[in-house]
Structures are given as structure tokens and as C-alpha cells.
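These notes concern the structure reproduced below.
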2 protein chains.
Amino acid sequence: MPDIIWSGHDGAAADDAPRTLIEAACQRLRQDIVAGHYAPGEKLRVEHLKDRYEVGAGTLREALARLAAETLVVAQGQRGFSVASLSLADFEDLTRTRINLECEALRLSILHGDDAWEGQIMASFHRLGRAQDKLDEQPSLDTVREWEERNRAFHRSLLTACPSAWTLHFLGILYQQSERYRRYTLQNRPIPRNIHHEHEAIMQATIARDADRALQLIARHIALTLDAVRSAPPDTFVRRPAGRRTALDRSVAG
Amino acid sequence: MPDIIWSGHDGAAADDAPRTLIEAACQRLRQDIVAGHYAPGEKLRVEHLKDRYEVGAGTLREALARLAAETLVVAQGQRGFSVASLSLADFEDLTRTRINLECEALRLSILHGDDAWEGQIMASFHRLGRAQDKLDEQPSLDTVREWEERNRAFHRSLLTACPSAWTLHFLGILYQQSERYRRYTLQNRPIPRNIHHEHEAIMQATIARDADRALQLIARHIALTLDAVRSAPPDTFVRRPAGRRTALDRSVAG
DNA sequence: CTCCAGGAAAATCTCGAGAAAATATGTTGA
DNA sequence: TCAACATATTTTCTCGAGATTTTCCTGGAG
């Protein structure tokens, strides 16, 4: 139980209580970045942002450093911070990695889940269905927000029984990135109706403990997002500031 | 090619040039933590550390924030920073997740690797063998260091052809954590001889493009580290400062 | 017209001091 | 003896200003 590792790790958690100005600025910045208020690759100048978010320079600086942890912003040596770039190739990789991890997480969740877990899934699915109805009746920013929130809750409920904190941690990061892509490329696009049936099938297979089927369904479900983004206007991904170096520069255990 | 995402992400890369004092402090702190100079769960007081590393308070603070990104340290609301805790349960999870990702990365690497990639693997394997010889002849801190360095290089060479930057990124984090566990639990313990044969078998299967066999071998290879840590003194994992919350609190794409 | 060099402007990086919070300590009462 | 409150100390959090670096603009030479 490596709870501790994530406890203060404002990166993945801490939606609840912004105890410090840093956390508050971190949250607001994260929301604005994920929501697409800043263009991909855009430079984030501390001098400008400290006015916008009404904090000191050092404070904002540390908030940006924390966001760099989530790979939402990048920090270059002596050249300040900028919003992480978006590219189709990255999203393809992101989606494949997410499918890999989410299948593993769902498999473990089905293996370890108890009755309460099943109940939570049904409940969150029901709430998502209601949000879907409201969205169909009256599409608005509020109803969309609510649908997104409950969609996230539904997907999360599927995995709550997964005992692998590391897998969930990485999935959290990938979720966030995925959401950023989705919002950026599919701005204000209506949510197709058939997603509801996908969710229903996933839920049924999961509760029936049919791991093979559930994994197949969730994989396809996630892959559909990739197709949707692929069909975005071709000029969507353009920004590409100079980048270099590759990961995996450290340590290995034998 | 999401190179940009990792470019300045000092978290996983940037061994080369500490362009700022923050990066320098970050590197030194990371080394000291991975090396075990600080006990797991130990509080990291800024006032003390700023003297030790000869930087200002704000500078050290930001370095700690970046290390929190790598999950080496944790930042709690108004209660400062502390070293991430270690537990056997966490290491088991860590290892399983690493096996999952590393198998996927190796599979992709075998799929995409070219002749130059094969050459790099053979070269790094050869260098590792030489380091092993030197280590057998004369065990010392230097020879151990060299072996560790080349072991890391060998494992990295296996995956250089993997096109999934996200998988490699996560693996980098897991590697680092794994190394921390290994050093903490197996301090100064000799490296068993048969590891050389494991590496040889992995290399041969990889170059022969026998993905199934290579994956099986690498999975077992990593799992052996888990066994080694399991056999550590039972009182190794004790520290457990208060922790709460779980990951996966954010976002999902539909 | 292109390319290189120099300098001005902007931004980042760094530091120490003051305010807020949390922990530790000491005291009082039951 | 134990619990609870008030105080004191430590630690974190926050801010603005100065030093260093990068960037951009201008000018001139080839």
C-alpha cells in the first residue's frame, strides 16, 4: 500500500482542498491547460501569469514545476516553461499505452472486486445514463460538464478494485493527457449516442466477471477516441517547438 | 514523436548538463535519495538542506517539487517534504507493473529494431560482461558502480528501438524506484554470478527476434529482483508516516 | 539579398526576509 | 497520573528585488 507515495503528490490527487497558494495555482493552471485555454507549445511566462493568478513569482514557478511532473508543461533549462505539445503520433502512443495499462487494471479489478465494487459500478453507470439523458434533452456547457464528470467517475469505478497503485497512477496521468487531446480536438462536438451502449456492455461484462470480454470492450472503447481524434481537421497539430533528448536515462535494477 | 514532452522534464532525463542551480540540486538530491543517504519517510527540511546543498530556500524548494514528480519525495499540504516510503507491498506492485511495461516495450523494440540496434545490444552486453569480470576479480565500490552503470545501459539498449515514448517514460520512473529498493535492501550484497547467463539468454532471444522467449526471460529476470528483496531482513520496511488519498482522481476520455 | 555581429530589452533564475501554520513544550486543573 | 489549554519554537510558505541568461532587434559587411 504505497498510499504515501501519492498522498501529497498533488499531481494525481488533491482535488479537494488547496491548502496552499501553490496548490491553488496548480489546480487553476491545470484546469486551464487541460481545458485548452493555452495553445500547445505556448510559452508560459512567469511575469504574465503571476498577475493572472495573483501570486508571487516563486509561487507560480513552483506550481509550474509541479505541473511539469504531470507532463502538462515542460521546463527547459534556462528557457522557462511552456505548455506540452500535442501531436497525433503522441496521441497514438498515449492511447496504446493507456489501453495496455487500463486492460491490466481492469483485469485486476475484476479479479479482486467484491460486491460493493459491483454496486459502485452500477450506481455510477446509472448516474452516467441520467447525465446522458439530460445532455440529449438540453445540450449546454453545464450538462456537458456533468456528463464528463460522471463519465470519468464511471471509468474510475471500474478500476477501484485494482490493487496496483502504480498502474492507477500512470493511468491518471494518461487520462489527463487524453482529456486534453479530446477537448482540444473535439471542442464542443456532440457526444455520439452509441457510447452509452458501449458503457453498458462494458459494465455487464465486468460485473459478469467476464474478463476477456470486458478487456476487449474497453480496449475498443478507448481506441474509438483515437479514431475520433484522427478525424480532426488535419491542421490541428502544427505547433512544434524545438525538443530534444529522450527519456530512460536513468537506473535499472538487475 | 513527443520528444518535447520529456525534453526539459528533468525528472526523467537531464543527466548531462545541470544548466541551473535547481537542476544541479535536483540531481544531487536524487542521487542521495536513490543511494539511500536519507531514510524512507524521513522529513526533508528545507532549512537544513539549503545549507547542505548550498542553495537558497526557494531553489531547494523547487528542486524538491520536481523530485516529487518522480515520486521520490512526497509533498504534503502545509507539512513540507519527505522521502517516499518503502514497503514490500509497493515493491511487489512496482515490479509487476514494470514487468508489464517492460515486456510491452521489449516486444515493440524487437518488432521495430534494425541492425544498428542489434549491434548496440551486443556491444553493451559485451561491456557488461567485462565489468562482470572485473567485479569478480576485484570487488570494490568502483567496480560495482561500473557494473551497475553498464547493467543499466544493457537494459536500456534492449529498449532503444521501442517507439513508445510514454512506455519508456514510465519505465524510467519505475527503474529509478526499483534501483532505490535494490540499493536500500541489498546494500553491498554481491551480485550473483548467474545473472550473466540470464542476460546472455535475453540478448540471444532478442537478437533472434524470438519475442515470446525474450519476454518470458526478461519477466523472470525482473521477478528475480523481487525475490531478492523479499529475502531481505524482515525489519527492513518499518517507516510508515501517515498517508491518505489514492490516485486516479482526475479526468477520463470517452 | 543574406549573413553575422553587437547591443538593448525581456525573461528567467536566485536569494533572503517576513507572515502563516504546525509542532513541541510547559503549565494548570481534575 | 492524565488530559487539556496556552505558549514558544521550529518549519513552511510567500513575496519582491537583484544578478544572469536568453532573445530579439538593429545595423553593417560581404
Side-chain angles (χ1 to χ4, degrees), chain A residues 4 7-11 14 16-29 38-39 41-69 73-83 239-245, chain B residues 4 7-11 14 16-29 38-39 41-69 73-84 239-244:
Chain A
I4 310 101
S7 70
H9 184 225
D10 169 60
D16 27 355
R19 302 194 69 78
T20 76
L21 288 189
I22 292 175
E23 289 176 1
C26 208
Q27 276 189 26
R28 293 184 55 191
L29 260 168
Y38 300 102
E42 181 178 347
K43 284 214 73 176
L44 295 172
R45 291 179 191 79
V46 178
E47 293 300 314
H48 293 177
L49 267 55
K50 79 185 187 110
D51 298 333
R52 177 142 173 33
Y53 295 96
E54 298 170 329
V55 292
T59 304
L60 186 66
R61 200 180 161 68
E62 187 167 333
L64 284 170
R66 293 195 185 187
L67 256 43
V73 316
V74 299
Q76 294 192 66
Q78 197 85 255
R79 275 174 265 179
F81 300 87
S82 53
V83 180
R239 302 292 260 274
R240 195 72 56 92
R244 58 224 142 71
R245 293 192 210 144
Chain B
I4 309 101
S7 70
H9 184 227
D10 168 59
D16 27 357
R19 304 194 67 80
T20 77
L21 288 188
I22 292 175
E23 290 176 1
C26 209
Q27 275 190 25
R28 293 184 56 191
L29 260 169
Y38 300 102
E42 181 177 346
K43 285 214 72 176
L44 295 171
R45 291 180 189 79
V46 177
E47 293 300 315
H48 292 178
L49 268 54
K50 78 185 188 111
D51 298 332
R52 177 141 172 34
Y53 294 97
E54 298 171 329
V55 294
T59 304
L60 186 68
R61 201 180 161 67
E62 186 166 333
L64 284 171
R66 293 196 185 186
L67 255 43
V73 316
V74 301
Q76 293 191 67
Q78 198 85 254
R79 275 175 265 176
F81 300 87
S82 53
V83 181
R239 301 294 258 274
R240 194 71 56 92
R244 57 223 142 73

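The sequence lines fix the lettering, A, B, ..., with proteins before strands; numbering per chain opens at 1.
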Provide a list of protein-nucleic acid N or O atom pairs under 3.5 angstrom, restricted to nucleotides 21-25 of chain D.
residue: D/dT22; atom: OP1; partner: B/R19; partner atom: NH2; Å: 3.1

Donor-acceptor contact present, side-chain A/Q27 to main-chain A/E23, <3.5 Å: no

Is any side-chain heavy atom of [X] closer than 4.5 Å to a side-chain heavy atom of [Y]?
X     : Y     : value
B/L29 : B/V73 : no
A/R61 : A/L64 : no
B/S82 : B/V74 : yes

Approximate separation, where rounding is to 0.5 Å, of B/Q78 CD and A/I22 CD1: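 Interatomic distance, B/Q78 CD to A/I22 CD1, rounded to 0.5 Å: 9.5 Å.
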
Side-chain polar contacts of residues 45-59 of chain B - donor-acceptor pairs under 3.5 angstrom, sequence neighbours left out - could you list them?
residue: B/Y53; atom: OH; partner: B/D32; partner atom: OD2; Å: 2.6
residue: B/Y53; atom: OH; partner: B/Y38; partner atom: OH; Å: 2.7

Atom CG of B/L60 and atom P of D/dC13: how far apart are they, to the nearest Å?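 Rounded to the whole Å, the gap is 12 Å.
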
So, for A/R66 and B/A75, which heavy atoms are closest and what is the spacing to 0.1 Å?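 Taking every non-hydrogen atom into account, NH2-CB, 4.0 Å.
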
For residues A/L67 and A/C26, report the shortest heavy-atom separation together with the two atoms involved. CD1-SG, 3.0 Å

Name the first nucleotide and the last nucleotide along DNA chain C (5' to 3') that come under 4.0 Å of a heavy atom in chain A. C/dA11 to C/dA22

Within residues 48-56 of chain A, find the residues that approach DNA chain D with a heavy atom at under 4.0 Å, and present them sorted by residue number.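 By residue number: A/V55, A/G56.
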
Which residue lies toward the 5' end of DNA chain D, A/E47 or B/A57, if each is placed at its nearest nucleotide?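 Per heavy-atom nearest nucleotide, the more 5' residue is B/A57.
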
Using a heavy-atom cut-off of under 4.0 Å over every strand shown, decide if A/G80 touches base, sugar-phosphate, or nothing.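 If one applies the 4.0 Å heavy-atom cut-off, A/G80 turns out to touch the sugar-phosphate alone, with no base involved.
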
